[in-house]
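For reference, the structure is listed below as structure tokens.
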Amino acid sequence: MTRLTDAVRLPRDFFERPVLDVAPDLLGCVVRHGDVAVRLTEVEAYAGTRDPGSHAFRGPTPRTQVMFGEAGHLYVYFTYGMHWCANLVCGPEGEASAVLLRAGEVVAGETVVAERRPGVVARDRARGPARLTRTLALDRAQDGLDVCAPDSPVVVSAPSEPHEATVRTGPRVGVSGPGGDGTAYPWRFWLEGEPTVSPYRPGVPRRRR
DNA sequence: TTGACGATTAGCT
DNA sequence: GCTAATCGTCAAC
């Protein structure tokens, strides 16, 4: 019984590879939750405990436990008091690497999204990590979800045809810490020429109050 | 128990 | 270009 909405899930071993291999390969892939699907155009890699910019840097906590588990699970966290951001856990179990989903293009469920996000132009509906999670209706309820499980409500699938855009890399957004300007970890990946890629913002530290 | 801060965004000047 | 909003998480006390 094949339904039109069925898509081939990326297998577990896709996510179990090194995070710096998985991240660029996720570009062009489609994340579906319910009726809404988003084609990824921008991601960032976080390399577990060896990466000062990663939530996992200080070791496992109740919040980051998911990152230390099996690859292919969703890590959804809350930030700035109002936003959710979604990651896909990668690499061997225990490494705690993950890919942050930064931006994408809505490719299915436009009607639902238009009702969910009134007044937001199509291009901006998944432009930026918090807007992407809002458009896909991801929040705490999806934290820890195994997207490789056959019955998972969230599906990550390969593109029907490979994208032809150039994959570009650069400093990650909003990451500070030791080695600080972000250039030490140029682990942001995006598809060149995509209008949905979030605008570049230099890693300027925010003013302290 | 407390306090500082953040993988952001929207809205105003 | 600049700042407020807003609250979960974590480290320190």
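Remember, predicted model here, so these are calculated numbers, not experimental data.
With rounding to whole Å, A/Phe57 atom CZ is found 13 Å from B/dA7 atom P. Distance A/Tyr77 OH to B/dT8 P: 6 Å, rounded to the nearest Å. Protein atom CD of A/Glu44 is 16 Å distant from nucleotide atom P of B/dG6, rounded to whole Å. The distance from atom CZ of A/Arg134 to atom C1' of B/dA7 is 18 Å, rounded to the nearest whole Å. The nearest whole Å value for the distance from the OH atom in A/Tyr75 to the P atom in B/dA7 is 9 Å. Nucleotide C/dG8 holds its P atom 20 Å from the CD atom of A/Gln65, rounded to whole Å. Straight-line distance from the CH2 atom of A/Trp84 to the C1' atom of B/dA7: 15 Å, rounded to whole Å.
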Mind listing the side-chain donor-acceptor pairs of residues 105-116 of chain A below 3.5 Å, one per line with the distance, residues two or more places apart or on another chain?
unit_1   : atom_1 : unit_2   : atom_2 : d
A/Glu105 : OE1    : A/Arg39  : NH1    : 2.8
A/Arg116 : NH1    : A/Thr135 : O      : 2.4

Listed pairs under 3.5 Å, donor-acceptor, residues 57-64 of chain A side chains, sequence neighbours left out:
unit_1  : atom_1 : unit_2  : atom_2 : d
A/Thr61 : OG1    : A/Arg63 : N      : 3.4
A/Thr61 : OG1    : A/Thr64 : N      : 3.3
A/Thr61 : OG1    : A/Thr64 : OG1    : 3.1
A/Thr64 : OG1    : A/Thr61 : N      : 2.9

Just distance, no hydrogens or angles: give the donor-acceptor pairs under 3.5 Å from side chains in residues 7-16 of chain A, sequence neighbours left out.
unit_1  : atom_1 : unit_2   : atom_2 : d
A/Arg9  : NE     : A/Ala149 : O      : 3.4
A/Arg9  : NH1    : A/Val147 : O      : 3.1
A/Arg9  : NH1    : A/Ala149 : O      : 3.2
A/Arg9  : NH1    : A/Val154 : O      : 3.2
A/Arg9  : NH2    : A/Pro150 : O      : 3.2
A/Arg9  : NH2    : A/Ser152 : O      : 3.0
A/Arg12 : NH1    : A/Ala71  : O      : 3.0
A/Arg12 : NH1    : A/Asp146 : OD1    : 2.8
A/Arg12 : NH1    : A/Asp146 : OD2    : 3.4
A/Arg12 : NH2    : A/Asp146 : OD2    : 2.9

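Judged as a salt bridge (Lys or Arg N to Asp or Glu O under 4.0 Å), and not counting sequence neighbours, A/Asp21 has no contacts. For A/Tyr77, the ring pair (Phe, Tyr, Trp, His ring centres under 6.0 Å) test picks out A/His55, A/Tyr75, with sequence neighbours left out. A/Ala103 pairs by the side chain to side chain contact (heavy atoms under 4.5 Å, CB included) definition with A/Thr41, A/Glu42, not counting sequence neighbours.
Within the structure, a side-chain polar atom (N or O) of A/Arg131 is placed less than 4.0 Å from OP1 or OP2 of B/dA10. Contact annotation: A/Arg102 side-chain N/O to B/dT8 OP1/OP2 distance is under 4.0 Å.
Of the listed nucleotides (B/dA7, C/dA5, B/dA10), C/dA5 has the atom at the smallest distance from the side chain of A/Met82. Closest contact between the side chain of A/Arg117 and the listed nucleotides B/dA7, B/dT8, B/dA10 involves B/dA10.
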Please tabulate, one pair per line, each protein N/O and nucleotide N/O from nucleotides 11-13 of chain B that are separated by under 3.5 Å, including the distance.
none

Under 3.5 Å, N/O pairs linking protein and nucleotides 9-13 of chain C:
unit_1 : atom_1 : unit_2   : atom_2 : d
C/dT9  : OP1    : A/Arg140 : NH2    : 2.6
C/dT9  : O3'    : A/Arg63  : NE     : 3.2
C/dC10 : OP1    : A/Thr61  : OG1    : 2.2

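Think of A/Met82 as one node in a network of Ile, Leu, Val, Met, Phe, Trp and Tyr side chains linked at under 4.5 Å; it has no links at all.
Donor-acceptor pairing under 3.5 Å, judged by distance alone, is absent between the side chain of A/Tyr80 and the base of C/dA5.
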side-chain contact (heavy atoms from CB on, under 4.5 Å) assessment of A/Glu44 paired with A/Trp187: CA-CA 6 Å; A/Glu44 276 177 14; A/Trp187 294 342; over 6 Å; no

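Sorted by first then second residue, the ring-ring contact (aromatic ring centres under 6.0 Å, His included) pairs that include residues 133-167 of chain A, not counting sequence neighbours, number zero. Residue pairs meeting the salt bridge (Lys or Arg N to Asp or Glu O under 4.0 Å) criterion with at least one member in residues 74-100 of chain A, sequence neighbours excluded, do not occur.
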Let's test your reading of the pairing rules: Watson-Crick or G-U wobble, both distances under 3.5 Å, then write DNA chain B as a dot-bracket string with ( ), [ ], | and dots. ||||||.|||||.

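A/Tyr46 qualifies as a stacking partner of the B/dA7 base, centre to centre under 5.5 Å and near-parallel within 30°.
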